[in-house]
Amino acid sequence: MPVIRTGSMRRSSAPVPPPVPAFTASAGDYRLLEEVGYGANAVVYRAIFTPANRVVAVKCLDLDRVNSNLDDVRRETQTMSLIGHPNVIRSYCSFVVDHNLWVIMPFMSEGSCLHLMKIAYPDGFDESIIASILKETLQALEYLHRQGHIHRDVKAGNILIDNPGVVKLGDFGVSACMFDRGWPQKFSSLEPDITSSLDYDRDKRFSKVMLVTIYLSKIAAHFQLKDAAQLALKKMPSSEQEALSMSEYQRGVSAWNFDIEDLKAQASLIHDDDPTELKEDDDIANINDVDKDVSRGSHFGMLPSSSGNNCIDVLCFSEQTSAAVNPCQNGLETSETLASNLVLDGSEQKADELRNKGPEFDAMPSTSNQDPDGKIYRSEVRQKQRTYSGPILQSGMRSSSMTERGRITGRDAGQLVSDKQKSGAGRNNNLSGPLSLPTRASANSLSAPIRSSAGYVGSLGDKPKRNMVEIKGRFSVTSENVDLVKVQEIPGGSVSRKLKEGPSLRKSASVGDWSQPANAKPMSTSNRRKELCNNSVSASVLIPHLQNLVQQTAFQQAGAGSADEGERSLLVKIFELQSR
Ligand SMILES: Nc1ncnc2c1ncn2[C@@H]1O[C@H](COP(=O)(O)OP(=O)(O)OP(=O)(O)O)[C@@H](O)[C@H]1O
């Protein structure tokens, strides 16, 4: 039984392939063995290339059947022969035999993901396996997109696996070249409903986001096939079951619930001339560089700009905030420093707010008694804050390795995913793909809801435009992390209001007792600094947590429409947090 070993999918551990012999375009040189798969237009055989005694796959396309669409055949063979990427299957050569076109390609011994699921993983792959396969598949897609190709048929049956765990994307039968008829048309033909009337200049970043998301959602939906066991038993599904399966797939895809206008609006906020922005073509490539950035402290390879950019990058913000609220480690930075940072980045209003709250913030009561091991805790804070701020790195992803998490987490993709999550959170918590929502549904109180530039606020239907402008860049989170009042602004937030006003606040405050006591005396600057040094840890930890709780509760409320239930769950989560 084939085993997918996620670790073995790393290229470094893959054995060096033998040199490719000169394959000939002569049918006599190939001995067809067994049939290994078939699709709409082709049968695929395992075969031996006898001159070199080399195992290959021969895809026999029935030209009679594809007669009406020879262009597609030409495109497929052309594309495959030009491919040069370890995650994309290439063709060694192709030639016509009778009414068939033979395409000679590397033999992928484990077959397709669909095939594997049928025979060995009837309930679908584990999340870690999915993550690995997705990573490799995204690399393939990133390469293809750079070359101007759109695959248009990404599915489990077209993701092929070789013995040491090599993943290759195959089947270019319906792929499109962006340079053929102009980009927008091609892109529209990918997902006509979604991409009508795209303007290349305005929407190019959006397009990248869309492509990645569409692919992710489709792949994820495929990996969640639940009828694979039945197929494995070679039972034909009944028409009802087939319909059910199809609807499951469609839900898997549509659960992303694309809000095109919102995405376009966000895309248009990103300035391409910003030096800190990635080049357009580097967006997806950046996905692969995440690991390196993690070690440098910037998860997504997006560095914050101090020049008022509109970069949607909550992560980098979190870095600044961590620093700012950890004066012990980074020199003394108080609310004034935070405010300056905000001004630097063009968020004067937030800066003013923060200045006004400066004494409050600076004089937060001590929790040092409750945190005797403050230093260690503080160092954890930095890490945790980073994690919370990542657009896609949330609770479930934390359980898998940072490497895999990061690689699947592009800034734009994550942002879009977060948008989809926020918009669909109330309805379809389980449908947005195994990489995020299932874990989110079961998220504990510490998991950060995925955030985007548009923010959860907009997603809940309260003045999305205003919120988007407020939240763009990294400042929204900054102010929320240090400014508890911000929590109150969450719409539908009867819970948050209660959190502030009601006894539950007092209770939850016992976690870190971070609220300013009414009778607190003003402290001297040095005391305040010491206190801040101690308190900032709990404040920086607690506030985002509580905020996340509130967000989650707000999501739940939006879905369930039950304030009481949301409040109860909030209390439960606060209790969990407290006990940690
Ligand atoms: N190189 C290969 N090595 C091993 N198996 C392969 C290879 N290529 C294809 N297969 C198997 O054959 C099946 C059909 O191949 P392919 O998808 O290329 O055919 P198709 O007719 O283009 O299919 P579709 O209906 O998706 O268009 C795949 O799902 C896979 O199981």
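First listed ligand is number 1; within each ligand, the first listed atom is number 1.
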Who gets closest to atom 6 (C) of ligand 1 by heavy atom: Val55, Val44, Asp62? Val44

Would you tell me which option among Ser91, Ser109, Gly39, Ser112 has the nearest heavy-atom contact to atom 31 (O) of ligand 1? Ser112

Look up atom [atom1] in [X] and atom [atom2] in [Y], then write down how far apart they are to the nearest 0.5 Å.
{"X": "Tyr38", "Y": "Asp62", "atom1": "OH", "atom2": "CG", "answer": "15.0 Å"}
{"X": "Cys113", "Y": "Leu160", "atom1": "SG", "atom2": "CG", "answer": "8.0 Å"}
{"X": "Leu169", "Y": "Ser112", "atom1": "CG", "atom2": "OG", "answer": "12.0 Å"}
{"X": "Phe125", "Y": "Leu134", "atom1": "CZ", "atom2": "CG", "answer": "10.5 Å"}

Check whether any heavy atom of [X] sits under 4.0 Å from an atom of ligand 1.
{"X": "Lys59", "answer": "yes"}
{"X": "Gly170", "answer": "no"}
{"X": "Lys155", "answer": "yes"}

Less than 3.5 Å apart, any donor N or O on the side chain of Asp29 or Thr50 sitting next to an acceptor on the other? no

Less than 3.5 Å between some nitrogen or oxygen of [X] and one of ligand 1, yes or no?
{"X": "Phe107", "answer": "no"}
{"X": "Ala42", "answer": "yes"}
{"X": "Met108", "answer": "yes"}
{"X": "Asn158", "answer": "yes"}
{"X": "Gly157", "answer": "yes"}

Residue [X] vicinity, atoms of ligand 1 by number, heavy atom under 4.0 Å:
{"X": "Ile89", "value": "1 (N)"}
{"X": "Val36", "value": "5 (N)"}
{"X": "Ala57", "value": "1 (N), 2 (C), 3 (N)"}

Mind telling me whether Phe49 and Phe23 have parallel, tilted or perpendicular rings, with 30° and 60° as the class edges? tilted

Counting N and O atoms only, with roles assigned by atom type, does the side chain of Asn87 sit under 3.5 Å from a partner on the main chain of Gln139, one being a donor and the other an acceptor? no

Does Asp126 reach the main-chain N or O of Ser128 with its side chain, forming a donor-acceptor pair under 3.5 Å? no

For Leu160, which part has a heavy atom under 4.0 Å from ligand 1: side chain, backbone, both, or neither? side chain

Kindly indicate, with the supporting measurements, whether the criterion side chain to side chain contact (heavy atoms under 4.5 Å, CB included) is fulfilled by Leu114 and Lys155. CA-CA 8 Å; Leu114 180 64; Lys155 59 186 183 184; over 6 Å; no

